[in-house]
Amino acid sequence: MKFRQICNFLLVSTGVILAGASYSIPSPIYPSQALRRGLSVTHSGIVLGTGFIASFIFTPFTGKLMGRFGAKNVFFAGNLIIGLHNIFFGSLDFIYDGQIYFWLSLFSRIFNALGESLICPSSYPLGGAQFSEKNKGKSFAFLESCYGIGMVFGPVLGGMLDRIGGFTCPFWFVGFGLVLVNVLAFFFFRSEDNKGSKETRSTSWKDVIFCPGVLIFASAAVFCGSAQSWYMASMEPHLLNKFGLDSSETGLILTAFSLTYTILSPVIGGVLDRGFSTMTAVLLGNTIVMLAFLLLGPAPGLSFLDSVPVVVIALVVQGVGSTFTYIATLIGMVEFTKTGNLPQTDQTTGMVSSIWLLAFCLGAFPGSTLGSFTFDHLGFSWSSTISALLMGLSVLIMVGSSSIFLKKDKKTVQI
């Protein structure tokens, strides 16, 4: 591996880390800012969650854009967009009217979603192009781990920099950091650093979507995405009202999920590379997430568990389950395209990662919205229990659909 390829991969990894931070920074600090302007927790949930539905709309175009402009150009366009979003979002601190604040926040999160829909799917083929074929799976897991690193430090940075320099500080830090990554990339990246497969066949969305196994794994990612964003807007007011914790303390607690996810991502990626069943990993992951939400509430009848340490434990358990599901669904869908005899190109890999991101977004927007709505009307305990029931439903759907569809093609698709 050449020195320039190492630098290239580090730049891609840094961009992904900052993109992850952009996703998680608002969680511990935005809801309180919105409440001060007369907005509800539901409003915050809509703002924080609307980016997911916007990503769901934008992401299908990423695979085709990569086929036309290349993964490198798409990736760094996404970097620039997310950087500009953060600079603008931080500047909203100077807006005091509640309605204007809400609509500008909504617009900015939609703009950020455009960048997320470009940077996430393109990072995998771009980062993988810096490695040999046998190490691409590990590079996927590492990049996914980098996104987790950003999610870990996002809430911490959000809380700490908000306390030090105000609301604008964490967003401007991430925004200008992403702009700097693009400037450095201009000097390091060359066209041959994004060399892809020599395969000349084109891939259609129909080919990827109906490749045996892809939709089943995508459905698991939908439910897991819903769980991850369920408490995005409700955790801060819950911990404030119940235990008197401020935004920086809430941000620190939220890192329990992200830190677990970050540490385990490369580990589980390695386990799956050694032959552990991706289907088993996904079923195990969603089951663990279900148990985590029963603890997180805690579920009615378990009020004796209602404490800050239990919240932290629940987030750690959720991180374990989510890691199994996310890494297994991504690696599994890529493998399905190989056994389905689809062309192994940057376009195919980008389209698979786009579907994976679409599935996450499809779950995350209603998850954030429903989580906020149920918190406002039923309280945190019942809200978390509803999420646990949905995760249990996902396990039943996975078991039923896999037995119906995968057995039809078990000679072709090996899980």
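Values reported hereafter were calculated over all heavy atoms of this structure, with side chains retained and with hydrogens, waters and symmetry mates removed.
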For Ser383 and Thr374 the tightest heavy-atom approach is OG-OG1, 2.7 Å

Within the distance-only criterion (no hydrogens, no angle test), does the side chain of Ser105 pair as donor or acceptor with the backbone N or O of Val47 below 3.5 angstrom? no

Once you round to the nearest 0.5 Å, how far does CG of Leu84 lie from CG of Leu178? 9.5 Å

Whether Ser108 side chain and Leu104 backbone form a donor-acceptor pair below 3.5 Å: no

Any donor-acceptor N/O pair, Thr168 side chain to Gly90 backbone, under 3.5 Å: no

Is there a side-chain contact between Val214 and Ile209 (heavy atoms, below 4.5 Å)? no

Take atom CZ in Arg163; do more than 12 heavy atoms of anything else shown fall under 6.0 Å from it? no

Determine, stepwise, if the pair Phe111 / His85 fulfils ring pair (Phe, Tyr, Trp, His ring centres under 6.0 Å). CA-CA 7 Å; Phe111 186 64; His85 148 76; 7.5 Å; no

Over all heavy atoms of both residues, which pair between Gly319 and Thr260 is shortest? Give the atoms and the distance, please. C-CG2, 3.8 Å

I want to check something: taking the side chain as every heavy atom from C-beta on, are Thr250 and Leu240 in contact at a cut-off of under 4.5 Å? no

Looking only at heavy atoms, which two atoms of Arg37 and Leu92 are closest? And how far apart? NH2-O, 4.1 Å

Please tell me if the side chains of Val395 and Phe223 come closer than 4.5 Å, counting only heavy atoms from C-beta onward. no

Student check: side-chain heavy atoms of Leu378 and Phe373 closer than 4.5 Å: no

Min side-chain heavy-atom separation Gln33-Asp93 under 4.5 Å: yes

Atom CZ of Phe380 and atom CG of Leu239: how far apart are they, to the nearest 0.5 Å? 7.0 Å

For the residue pair Val289 and Ala227, what are the closest heavy atoms and their distance? CG1-CB, 3.8 Å

Val308 vs Lys242 side-chain heavy atoms within contact, under 4.5 Å: no

Using the six-membered ring wherever Trp is involved, compare the ring planes of Phe276 and Phe324 and label them parallel, tilted or perpendicular (cut-offs 30° and 60°). tilted

With no hydrogens and no angle check, is any side-chain donor or acceptor of Ser384 less than 3.5 Å from a backbone partner on Leu296? no

If you look at every heavy atom in Ala220 and Thr325, which pair is closest and at what distance? O-CG2, 4.1 Å

Measure the spacing between CG of Asn112 and CZ of Phe89 and express it to the nearest 0.5 Å. 9.0 Å

Over 60° means perpendicular and under 30° means parallel, so tell me whether Phe167 and Tyr30 are parallel, tilted or perpendicular. tilted

Approximate separation, where rounding is to 0.5 Å, of Phe293 CZ and Ile288 CD1: 13.5 Å

Can you tell if the side chain of Phe176 reaches within under 4.5 Å of the side chain of Ile87, non-hydrogen atoms only? yes

Should we count CZ of Phe210 as having more than 12 external heavy atoms under 6.0 Å? no

What I want to check is whether the side chains of Ser394 and Asn286 have a donor and an acceptor closer together than 3.5 Å. yes

Taking the side chain from Thr329 and the backbone from Tyr326, do they hold a donor-acceptor pair closer than 3.5 Å? yes

Would you say Ser117's side chain and Leu114's backbone share a donor-acceptor pair under 3.5 angstrom? yes

Side chains of Pro298 and Phe304: closer than 4.5 Å at any heavy-atom pair? no

Quick check: does any side chain N or O of Gln228 sit under 3.5 Å from a backbone N or O of Gly225, one acting as donor and the other as acceptor? no

Distance-minimising heavy-atom pair for Pro31 and Glu236: CB-OE1, 3.1 Å

Side chain His238, main chain Ser234, donor-acceptor under 3.5 Å: no

Within a reach of under 6.0 Å around CZ of Phe88, are more than 12 heavy atoms found that belong to other residues, nucleotides or ligands? yes

Just by modelled atom types, is the Ser40 backbone N or O under 3.5 Å from a matching donor or acceptor in the His43 side chain? yes

Which distance, rounded to the nearest 0.5 Å, do you find between the CD1 of Ile25 and the CG of Asp162? 10.5 Å

Drop me the distance from Ser226's OG to Leu370's CG, to the nearest 0.5 angstrom. 7.0 Å

Identified side-chain hydrogen bond (donor to acceptor under 3.5 Å, both in side chains) counterpart of Gln318 within the set Tyr261, Trp230, Tyr231: Tyr231

Starting from the C-alpha separation in whole Å, work towards a yes-or-no answer on side chain to side chain contact (heavy atoms under 4.5 Å, CB included) for Tyr101 and Leu106. CA-CA 9 Å; Tyr101 186 81; Leu106 203 62; over 6 Å; no

